[in-house]
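Just so we're clear, the structure is a prediction, and the values are computed from it rather than from any experiment. No hydrogens, no waters, no symmetry mates; every other heavy atom, side chains included, goes into these values.
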Amino acid sequence: MKHHVGEHKAKKGLIRIEFDEENGIVEHVRITGDFFAHPEEAVHELEKKLEGHRVEELEGLMDEFFAMRMDIEMPYVNVQDFKIALKNALKE
């Protein structure tokens, strides 16, 4: 099992993505940082959405999640910031 960690300093906050990868499948996704997201459970919902999928599907799943959840407020942070943190996690 491989452990991935990636960070990205967004305009107003740090985004950190951690997950384990086993045979190309993502497990134990954790998204943390000092950014603001409302409703707060949205980040947990995104973590759950990413788990159990192939690594190469993650960017598309992030796009899909934020496109469907128009109620999420994240001042100065957007889906691109999450995708950059993900790409940094995959650089290892």
>> For the CG atom of L90 and the CG atom of L58, what is their distance to the nearest 0.5 Å?
In response: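 It comes to 7.0 Å.
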
Please tabulate, for the side chains in residues 36-49, all donor-acceptor contacts under 3.5 angstrom to protein atoms that are two or more places apart in sequence or on a different chain.
{"from": "H44", "atom 1": "ND1", "to": "E47", "atom 2": "OE1", "distance (Å)": "3.4"}
{"from": "E45", "atom 1": "OE1", "to": "R69", "atom 2": "NH1", "distance (Å)": "2.1"}
{"from": "E47", "atom 1": "OE2", "to": "I31", "atom 2": "N", "distance (Å)": "2.6"}
{"from": "K49", "atom 1": "NZ", "to": "E64", "atom 2": "OE2", "distance (Å)": "2.8"}

>> Please give me the minimum heavy-atom distance between H53 and L61, naming the atom from each residue.
In response: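 Here H53 and L61 meet closest at CG-CD1, 3.4 Å.
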
> If you take all heavy atoms of V55 and V26, which pair is closest and at what distance?
Replying inline: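 So the two residues come closest at CG2-CG2, 3.9 Å.
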
> Can you list the steps and then say if F65 with L50 is a side chain to side chain contact (heavy atoms under 4.5 Å, CB included)?
Replying inline: CA-CA 10 Å; F65 178 80; L50 299 177; over 6 Å; no

Taking atom [atom1] of [X] as the centre, report whether more than 12 heavy atoms of other residues, nucleotides or ligands fall under 6.0 Å from it.
X	atom1	answer
M70	CE	no
K9	NZ	yes
D71	CG	yes

>> Let's go through R30 and I17 carefully: what are the C-alpha distance in whole Å and the side-chain angles of both, what is the deciding distance for side chain to side chain contact (heavy atoms under 4.5 Å, CB included) to 0.1 Å, and is it a yes or a no?
In response: CA-CA 6 Å; R30 184 125 164 84; I17 296 180; over 6 Å; no

> Should L14 and M74 be counted in the same cluster of Ile, Leu, Val, Met, Phe, Trp and Tyr side chains packed under 4.5 Å apart?
Replying inline: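 No, because L14 and M74 fall into different hydrophobic clusters, even though each may have its own neighbours under 4.5 Å.
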
>> According to salt bridge (charged side-chain N to carboxylate O under 4.0 Å, His left out), does anything in residues 15-27 pair up with another residue at least two apart or in another chain? List the pairs.
In response: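 Of all non-adjacent pairs touching residues 15-27, those that pass salt bridge (charged side-chain N to carboxylate O under 4.0 Å, His left out) are E7-R16, R16-E18.
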
>> V77 vs K11, test: side chain to side chain contact (heavy atoms under 4.5 Å, CB included). Steps then yes/no.
In response: CA-CA 7 Å; V77 176; K11 193 172 185 178; over 6 Å; no

>> Please confirm whether the ring centroid of H4 lies under 6.0 Å from the ring centroid of F19.
In response: yes

Please list every donor-acceptor pair under 3.5 Å in which a side-chain atom of residues 78-85 meets a protein atom from a residue at least two apart or in another chain.
{"from": "N78", "atom 1": "OD1", "to": "Q80", "atom 2": "N", "distance (Å)": "2.8"}
{"from": "N78", "atom 1": "OD1", "to": "D81", "atom 2": "N", "distance (Å)": "3.2"}
{"from": "Q80", "atom 1": "OE1", "to": "K83", "atom 2": "NZ", "distance (Å)": "3.3"}
{"from": "D81", "atom 1": "OD1", "to": "H8", "atom 2": "NE2", "distance (Å)": "3.0"}
{"from": "D81", "atom 1": "OD2", "to": "N78", "atom 2": "N", "distance (Å)": "2.9"}
{"from": "K83", "atom 1": "NZ", "to": "D63", "atom 2": "OD1", "distance (Å)": "3.0"}
{"from": "K83", "atom 1": "NZ", "to": "D63", "atom 2": "OD2", "distance (Å)": "3.1"}

